[in-house]
Structure formats: C-alpha cells, structure tokens
Amino acid sequence: MRAPSGDTVVFDLDGVLLRGDAFGLFMRRVGFAGARLPLAVVLLLLLAPAVAVPASRPWAARWMSRIGLVGRSASQLRTALERFGADLGAEPGRIIGPGVDMIRAHVAAGDRVIVVTACEHTLARALLDGIGLAEVELVASHIHGPRLIVHNHGATKMTQLAARGVTPPWRVAYSDSLSDLPLLGGAERAVLVNANARQVARARRLLGDRLRTVTWTAG
C-alpha cells in the first residue's frame, strides 16, 4: 500500500511502529522505579475508576506522569527520556518492522510522513532517530519538568496537526487504536493495525470501505 508521491501520510507510534507503550514503559522502568514503586501501586488503585472512563484518561495520565516525574529537573528528564528512547529502539523484538518499512516506502515515494503520537516528544524523537527515521516529522505530547503540558491523544491529535497547517483529508492514516478514530476518519484510506474483530467492526461502521486492516509483528 503506497500512497502517490506528494501526499501526507500519518502514523501512530505505539502499536504501529513499537510494540508496547513507550511512555508507559518509561514511567514503569524510570518514573516509578525503586522506592517509587509502592506509590505507583497506590496511584493505580486510586485512579482506576478514572482510567475506566475514556473521557477521564487524559486527566489520569496527567497526574500519573506529574507525580512519577516530580523531583527531577527539566534537563535531567530530557536526558533520561533521550537515553530511554534510544535504548528502547534497540531492544530485541520491540520495533515493528513492517511499520518501519511502510514509512520508508512512503518517504521513498516522496510523501510527507508525520508520526502523530501520545508519547512524549523527546522520547519519541530519540526512538525515531535511533531506528533510522530522523527525517520523519513528529507531533507528540509535551512535558515541562514534571508537568504534562500537551497530552496528544484522541481528538487532540487533530488540533495539534491543524496548528501546524495539516488538515484533512490526508491520503493514509495508520493506527492500532480506536482512540484514533478522528485521525483515521480524516484519511482517504484508514489502516487499522493488529485489530481484533470487535475493533474492526466498530471502525467499519464509521469508516466504511475506506478501512483496511493489516497484521504486523515485531522483530
């Protein structure tokens, strides 16, 4: 599936290029490592009702990240995020090869490729650079010190793209999550990655024959 030269193509990161949740992994391995682990358990229990409600998840994510990152300076966080992103891209079985290959095919065709992700920007940039995608544009979440300033999730992705002059329709959108239905809905062709039957059925109702599905494995 290669879009014609010159068209805009958007990709999600987690689940499309990377197996797992990059920032979630950072929080578990770094943010709440060591003595902060019991605090993470308490927070998860307290915030579980909010996480269960889709509309409340951005709020819960804000508080989890703020509490997990507090006590570190902006420069310390930037260094830790850059290192973690580079290391994550080198982990065996972590990168989804077909997704990376598809990006390279679009770039080779002259397309404008943008990775649009809820992952934190510094981490995502280090990851993409480390796997040879330095030329790909990135629209991501942003933190300032421990505070989550922009959570680039769901419909916020559309707002962030519009702020950069990127408005629908774009030629192709790739995602593994129904939270990206606004992003997929803005595409002439929507590609749902590694989706189960229930996800496909719901997406099909909204996207009709624009929807394609693919199965991509990591490695």
Side-chain angles (χ1 to χ4, degrees), residues 1-22 89 95-121 123-142 150-219:
M1 293 179 290
R2 179 177 295 185
S5 176
D7 290 317
T8 298
V9 179
V10 295
F11 281 78
D12 189 16
L13 175 65
D14 297 330
V16 175
L17 305 178
L18 179 86
R19 183 173 58 84
D21 177 339
I95 299 302
I96 300 174
V100 175
D101 290 343
M102 187 59 69
I103 282 190
R104 289 175 176 153
H106 281 296
V107 170
D111 299 325
R112 180 184 184 183
V113 177
I114 309 174
V115 172
V116 189
T117 176
C119 181
E120 193 279 330
H121 186 276
L123 193 165
R125 186 74 268 169
L127 179 92
L128 292 173
D129 291 354
I131 62 175
L133 299 178
E135 75 277 26
V136 171
E137 295 178 59
L138 175 64
V139 177
S141 295
H142 287 270
V150 176
H151 188 205
N152 194 45
H153 179 267
T156 303
K157 292 186 176 184
M158 305 291 284
T159 304
Q160 292 285 93
L161 284 168
R164 292 159 174 78
V166 182
T167 56
W170 29 80
R171 175 66 71 178
V172 194
Y174 298 84
S175 178
D176 74 317
S177 173
L178 294 186
S179 69
D180 277 335
L181 280 173
L183 196 73
L184 294 167
E188 295 175 2
R189 184 171 66 208
V191 181
L192 200 55
V193 180
N194 297 342
N196 59 40
R198 184 176 181 180
Q199 289 174 310
V200 172
R202 182 180 170 194
R204 185 81 66 190
R205 287 196 298 270
L206 295 172
L207 301 171
D209 60 8
R210 287 184 293 153
L211 182 67
R212 301 289 185 273
T213 60
V214 296
T215 300
W216 290 345
T217 57

Is there side-chain contact between [X] and [Y], with heavy atoms separated by less than 4.5 Å?
| X | Y | result |
| --- | --- | --- |
| Val9 | Trp170 | no |
| Val191 | Thr213 | no |
| Val10 | Val139 | no |
| Arg171 | Asp111 | no |
| Arg112 | Val166 | yes |
| Lys157 | Pro182 | no |

Closest heavy-atom pair and its distance - [X], [Y]:
| X | Y | value |
| --- | --- | --- |
| Ala190 | Leu207 | CB-CD1, 3.8 Å |
| Ala124 | Thr117 | CB-CG2, 4.3 Å |
| Leu133 | Arg125 | O-NH2, 3.1 Å |
| Met158 | Pro168 | CE-CG, 4.0 Å |
| Thr217 | Pro98 | O-CD, 3.3 Å |
| Cys119 | Ala140 | O-CB, 3.2 Å |

Quiz item: Would you call the rings of His121 and His142 parallel, tilted or perpendicular if under 30° counts as parallel and over 60° as perpendicular?
Solution: parallel

Exercise. Anything under 30° is parallel, anything over 60° is perpendicular, the rest tilted; go ahead and classify His106 against Tyr174.
Key: perpendicular

Could you tell me whether the side chain of [X] and the main chain of [Y] form a donor-acceptor pair under 3.5 Å?
| X | Y | answer |
| --- | --- | --- |
| Asp14 | Ala22 | yes |
| Ser141 | Ala118 | yes |
| Arg212 | Asp209 | yes |

Can you tell me how far [atom2] of [Y] sits from [atom1] of [X], rounded to the nearest 0.5 angstrom?
| X | Y | atom1 | atom2 | result |
| --- | --- | --- | --- | --- |
| Leu13 | Leu18 | CG | CG | 5.5 Å |
| Arg189 | Leu184 | CZ | CG | 12.5 Å |
| Thr215 | Leu192 | OG1 | CG | 10.0 Å |
| Met102 | Leu17 | CE | CG | 11.0 Å |

Quiz item: Just one of Asp180, Asp12, Leu161 clears the side-chain contact (heavy atoms from CB on, under 4.5 Å) bar with Val116, so which one?
Solution: Leu161

Run the side-chain donor-acceptor check on residues 198-206: report pairs under 3.5 Å with partners two or more places apart or on a different chain.
from   : atom 1 : to     : atom 2 : distance (Å)
Gln199 : OE1    : Asn196 : N      : 2.9
Arg204 : NH1    : Leu211 : O      : 3.2

